[in-house]
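Computed from a predicted structure; not experimentally measured.
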Amino acid sequence: MISSTKFVVKKLKSFIDLTDNEISTFSSLPHRLITLSAGREIVHEGQRAHNAFILLDGWVASYKLLPDGTRQIIDFQIPGDFLGLRSLLLRTSDHSFEAITEITIAEISAQNMISTFAKSPRLASAILWAASRDEAMVVEHLVNIGRRSAIVRTAHFLLELGTRLNLIGVGTPNSYPCPLSQYLLADALGLSAIHINRVLRQLREQDLMTFQKGIVHFNNLEKLIALADFQVGYLDQDEPIIRH
């Protein structure tokens, strides 16, 4: 049995109201449990024939390295997220994954994952939804970097993280634990660490939010949402679309 599946099950059940049997099928997937320390690479860009992973505990960054050594973080993965699903079909990983904190992951072979899809179409649909939702977030991040101002993109990104964490029962609607450094945020938002520091100070001075000592706190959630024009629909987590 895969240990600590509560986060990923909560996530998948926001799309399909999985039955106890489907949850048992998912939890019984053959896997290898791995614990890695912060800074360890899980998958590197260009790697072939790797497996899929479920993040059970901790935080991960997915990113691409440029020829000049700079890095663009694509997204951060939190407990309940899948890593490398797309590469099961593409055969080659198009980006890298690295642990931000100590993590626990379940490694599942492509063969076992695809076999489970064949046995449980509803479960396969839920996992496809998870992959599609991840793609929707990447689209939103592209808009963030390309068109939104620094203060708007920062507010939008931190609101998105809070919404994702709230789905799996971490934190509250107004605050959540966040291990991200300003350097990591900078790489995700296409800003310098100095610029991120300035933006966070602006948000704090406007009494909209604070990010201090590893805690993000929304002081005025309504005004922050208005500033970021944060429309939660792309996260698609209001209620299950498919029921028993």
Side-chain angles (χ1 to χ4, degrees), residues 1-16 18 20-65 71 73-135 137-138 161 164-165 167-170 179-180 184 188:
M1 298 285 287
I2 301 176
S3 60
S4 304
T5 58
K6 62 179 181 178
F7 293 127
V8 66
V9 167
K10 279 185 178 181
K11 179 178 175 178
L12 295 179
K13 288 187 74 171
S14 68
F15 178 67
I16 292 182
L18 298 173
D20 290 344
N21 186 54
E22 288 165 337
I23 293 170
S24 178
T25 296
F26 177 74
S27 299
S28 299
L29 271 167
H31 67 284
R32 182 167 69 104
L33 207 60
I34 303 170
T35 299
L36 296 173
S37 58
R40 289 286 302 278
E41 185 180 74
I42 306 163
V43 173
H44 63 265
E45 184 177 349
Q47 185 171 328
R48 294 181 61 84
H50 75 276
N51 298 322
F53 302 88
I54 302 169
L55 181 58
L56 302 177
D57 190 45
W59 287 51
V60 165
S62 51
Y63 63 94
K64 289 182 75 76
L65 284 177
R71 176 177 65 173
I73 289 180
I74 300 165
D75 201 2
F76 298 105
Q77 282 69 45
I78 60 174
D81 285 349
F82 291 87
L83 313 176
L85 270 182
R86 186 168 66 252
S87 299
L88 291 181
L89 300 178
L90 296 179
R91 300 184 181 90
T92 302
S93 178
D94 60 357
H95 57 281
S96 305
F97 295 95
E98 180 181 295
I100 295 173
T101 65
E102 182 176 290
I103 64 169
T104 301
I105 51 178
E107 182 181 24
I108 303 167
S109 72
Q111 182 178 355
N112 284 326
M113 184 68 80
I114 293 170
S115 175
T116 298
F117 290 171
K119 292 176 184 175
S120 180
R122 278 169 41 95
L123 184 56
S125 296
I127 294 172
L128 176 61
W129 166 83
S132 299
R133 180 175 179 262
D134 291 346
E135 184 177 349
M137 288 191 293
V138 171
L161 270 178
R164 291 169 62 193
L165 287 163
L167 174 64
I168 60 171
V170 175
L180 305 181
L184 288 168

Give the C-alpha distance, both sets of side-chain angles, the deciding distance and a yes or no for side-chain contact (heavy atoms from CB on, under 4.5 Å) between Glu102 and Asp57. CA-CA 8 Å; Glu102 182 176 290; Asp57 190 45; over 6 Å; no
Less than 4.5 Å apart, side chain to side chain, heavy atoms only: is that true for [X] and [Y]?
X: Arg133; Y: Arg164; answer: yes
X: Thr35; Y: Leu33; answer: no
X: Glu22; Y: Val9; answer: no
X: Ser14; Y: Leu167; answer: yes
X: Ile108; Y: Phe82; answer: no

side-chain contact (heavy atoms from CB on, under 4.5 Å), that's the test. Do Ile54 and His31 meet it? Break it down for me. CA-CA 10 Å; Ile54 302 169; His31 67 284; over 6 Å; no
Answer yes or no: are there more than 12 heavy-atom neighbours, outside Gln111 itself, under 6.0 Å from its atom CD?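 Not buried by this count: 12 neighbours or fewer within 6.0 Å.
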Going from [atom1] on [X] to [atom2] on [Y], what distance comes out if it is rounded to the nearest 0.5 angstrom?
X: Lys11; Y: Ile78; atom1: NZ; atom2: CD1; result: 7.0 Å
X: Ser96; Y: Leu83; atom1: OG; atom2: CG; result: 12.0 Å
X: Ile34; Y: Glu107; atom1: CD1; atom2: CD; result: 4.0 Å
X: Asp81; Y: Ile168; atom1: CG; atom2: CD1; result: 7.5 Å
X: Leu36; Y: Ile42; atom1: CG; atom2: CD1; result: 6.0 Å
X: Phe26; Y: Met113; atom1: CZ; atom2: CE; result: 6.5 Å

Smallest separation among heavy atoms of [X] and [Y], with atom names:
X: Ser37; Y: Ala99; value: O-CB, 3.6 Å
X: Ile100; Y: Pro179; value: CG2-O, 4.5 Å
X: Pro79; Y: Gly58; value: CD-O, 3.3 Å
X: Ala130; Y: Leu12; value: CB-CD2, 4.1 Å
X: Phe97; Y: Gly84; value: CZ-N, 3.6 Å

Does Ser27 reach the main-chain N or O of Ile23 with its side chain, forming a donor-acceptor pair under 3.5 Å? yes
Could you walk me through whether Asp134 and Asp75 pass side-chain contact (heavy atoms from CB on, under 4.5 Å), step by step? CA-CA 9 Å; Asp134 291 346; Asp75 201 2; 5.6 Å; no
Fit a plane to each ring of Trp59 and Phe76, take the angle between them on a 0 to 90° scale, and name the class: parallel (under 30°), tilted (30 to 60°) or perpendicular (over 60°).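 Correct class here is tilted.
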Against Leu18, only a single residue in Asp20, Asn21, Ile16 fulfils side chain to side chain contact (heavy atoms under 4.5 Å, CB included); can you say which? Ile16
Does Phe53 form a side-chain contact (heavy atoms from CB on, under 4.5 Å) with Val60? I'd like the steps, not just the answer. CA-CA 11 Å; Phe53 302 88; Val60 165; over 6 Å; no
